[in-house]
> 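Structure in structure tokens, see below.
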Protein chains: 2
Amino acid sequence: MNTPTFRNWQSVQSEVLRRIHAREWKPGDFIPNETDLALEFGCARTTVNRALRALADSGLLDRRRKAGTRVAAQPVAKAILDIAVIRSEIEERGQNYSYRLMARQTTVPPVTVSAAMHTNADDPLLSIRALHMSDDAPYALEDRWINTSVVPAAKDETFQDVSANEWLLKHAPYTHGEIVFSATAASEEDSAIMDCPEHSALFTIDRLTWDQGAAVTKARILFGPGHQLRTAL
Amino acid sequence: MNTPTFRNWQSVQSEVLRRIHAREWKPGDFIPNETDLALEFGCARTTVNRALRALADSGLLDRRRKAGTRVAAQPVAKAILDIAVIRSEIEERGQNYSYRLMARQTTVPPVTVSAAMHTNADDPLLSIRALHMSDDAPYALEDRWINTSVVPAAKDETFQDVSANEWLLKHAPYTHGEIVFSATAASEEDSAIMDCPEHSALFTIDRLTWDQGAAVTKARILFGPGHQLRTAL
DNA sequence: CAGATTATTATGTATGCACATAAAAACATC
DNA sequence: GATGTTTTTATGTGCATACATAATAATCTG
């Protein structure tokens, strides 16, 4: 009986993966503890730990102190989406990016916006509306509110040549945020701008970012009909 | 001058994060090497390594051997979505889940399906159509093709009580897959089933999973109007 | 026997050390 | 001066050890 030795954590990881896929360890099952596995694999417990930790991070294992490690009963699929700057997104597909600023004004936002951003209801915010185009066809419509008390530099930026989408990433650091994906029907105005039938189903991203306790910006981006967001899992 | 010591990798990580947010280290900048940071922080290099590795995983740092570590110029926002079983999704919100099988038959699929799944054009597949309901209201419509030559056990399962969505997770392991998010307009049939206006914008998930080289299942899930998928970032 | 206390145990992590590896920089060679 | 070779260096990883911590199991106590 030759027990091959596993020298590095990647090989331990793939052996564990193999056993899970081969159903030697079924969903819900406890697997041997780190010490035993280290003994079996002929490596240090640290190495086993590294491998199992990585698998737990990806959702395939459930680990709890003292309780032990088990194969996730319902392996939650974690889809990791890379949300890139729209310009890069288009250029990476080899298409030509262009951009058109449609509106830029400082006004008091609707209460839904000031409430979501935790700003005073009568504090004005900078409002930006712009169209991103791919090969001169409408690609995405960006509607954005910027909190100029957090990003004062935005007041001096025309956003004529650089999209807020891109400018903010470079000039406004954020600590955390939220992204919401949904599908919305194109309004009459939207459909005119996006050059699509009214009530078309548009893939929508709502994004709200914060720097410490203060909201930096809130954006809604409507993508043209047929837009897809894809990822491996 | 008191340099506080950072004993654990989390505190090292948050100090590094603080410096990035405070723009002491700007996007594109090289940061000191691990040995120097360990010296400064009063901990082992291993600990610094752990902290920096975690930040690199999340896309905030770029690391290359010999070259060093730098703050990512364009921090790609990585949105991590947890794609759970629909039943859990509903029950976790404290709502009542129910399920209705609408169709189950073995037929030769459209070429688009057999092509995507890399099966022979005339090989029959198991087709499932089912409705997931939350508090008795239509929630999601599942349209699925199952490759019974990969999951033979599916032939003996009625899917009357357990949704394919859930059954497969437990009985059909997969090695990799793809998820595509999009927005689609409700067809006449869809809208009748989902009890919504025709042409409603529906959030759509297309999922194709593989076990080694063979396609396991291909599913399209249409969510009712207003459905959102949200995540922190 | 319920409830509080203590022991046990599996994972979590810090550390010092050694060596591997990729890539840049320095150097040598033609 | 272009090209190939060697050195240097920062990250990547393995290992033995020690201790921390969370959560269960066992025990004690009223």
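Per chain, numbering begins at 1; letters A, B, ... match sequence-line order.
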> Using the ring of each side chain (for Trp, its six-membered ring), is B/F223 parallel, tilted or perpendicular to B/Y139, with breaks at 30° and 60°?
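Judged by the thresholds at 30° and 60°, the geometry between B/F223 and B/Y139 is perpendicular.
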> Please say whether more than 12 non-hydrogen atoms of neighbouring residues, nucleotides or ligands are located less than 6.0 Å from CZ in A/R18.
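Yes, the 6.0 Å shell around CZ holds more than 12 heavy atoms from other groups.
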> Remember a base hit wins even if backbone is also touched, and classify A/T69 as base, sugar-phosphate or nothing at under 4.0 Å, heavy atoms.
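Answer is sugar-phosphate: A/T69 comes under 4.0 Å of backbone atoms only.
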> Please report, rounded to the nearest Å, how far the C1' atom of C/dT11 is from the CD1 atom of A/I31.
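Going from CD1 in A/I31 over to C1' in C/dT11 covers 12 Å.
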> Under the rule for side chain to side chain contact (heavy atoms under 4.5 Å, CB included), what residues qualify as partners of B/D36, not counting sequence neighbours?
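Result, side chain to side chain contact (heavy atoms under 4.5 Å, CB included) vs B/D36: B/P32, B/N33.
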> Cation-pi between B/R70 and B/F30: NZ/CZ under 6.0 Å from ring centre and within 45° of the ring axis?
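Positive - B/R70 is close enough to the ring of B/F30 and near enough to its axis.
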> Rounded to whole Å, how long is the line connecting atom CZ of A/R63 with atom C1' of C/dA10?
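These atoms are roughly 9 Å apart.
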> Could you run through nucleotides 15-22 of chain C and give me one letter per nucleotide, 5' to 3': B if any protein heavy atom sits under 4.0 Å from the base, S if only the sugar-phosphate is that close, - if neither?
BB-B--BB
> Could you tell me the boundaries of the chain A footprint on DNA chain D, defined by atoms under 4.0 Å from its heavy atoms?
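Contact span on the strand: D/dT13 to D/dT24.
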> Between A/R50 and A/R64, which is nearer to the 5' end of DNA chain D once each is assigned its nearest nucleotide?
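Per heavy-atom nearest nucleotide, the more 5' residue is A/R50.
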> Which sits closer to the 5' end of DNA chain C, A/G68 or A/N49, going by the nucleotide each is nearest to?
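Its nearest nucleotide being more 5', the pick is A/G68.
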> Could you check, using the six-membered ring where one of them is a Trp, whether A/Y174 and A/W210 have ring centers closer than 6.0 angstrom?
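Between A/Y174 and A/W210, the centre distance exceeds or equals 6.0 Å.
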> Quick one: which residue pairs count as a salt bridge (charged side-chain N to carboxylate O under 4.0 Å, His left out) with a foot in residues 41-61 of chain A, not counting sequence neighbours?
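Passing the test, one end in residues 41-61 of chain A: A/E34-A/R45.
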> Does B/N8 have a side-chain nitrogen or oxygen under 4.0 Å from the phosphate oxygens OP1 or OP2 of C/dT13?
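It does not, given that no N or O in the side chain of B/N8 lies less than 4.0 Å from OP1 or OP2 of C/dT13.
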> Just jot down the side chain to side chain contact (heavy atoms under 4.5 Å, CB included) partners of A/V180, sequence neighbours excluded, or say none.
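A/V180 satisfies side chain to side chain contact (heavy atoms under 4.5 Å, CB included) with A/E178, A/D206, B/Q228, B/R230 only.
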> Figure out the CZ/P separation between B/R53 and C/dA14, and round it to whole Å.
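Taking atom P of C/dA14 as the reference, CZ of B/R53 is at 11 Å.
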> Identify, with sequence neighbours excluded, every residue that meets side-chain hydrogen bond (donor to acceptor under 3.5 Å, both in side chains) alongside B/D143.
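Per chain and number, B/D143 pairs via side-chain hydrogen bond (donor to acceptor under 3.5 Å, both in side chains) with B/R129.
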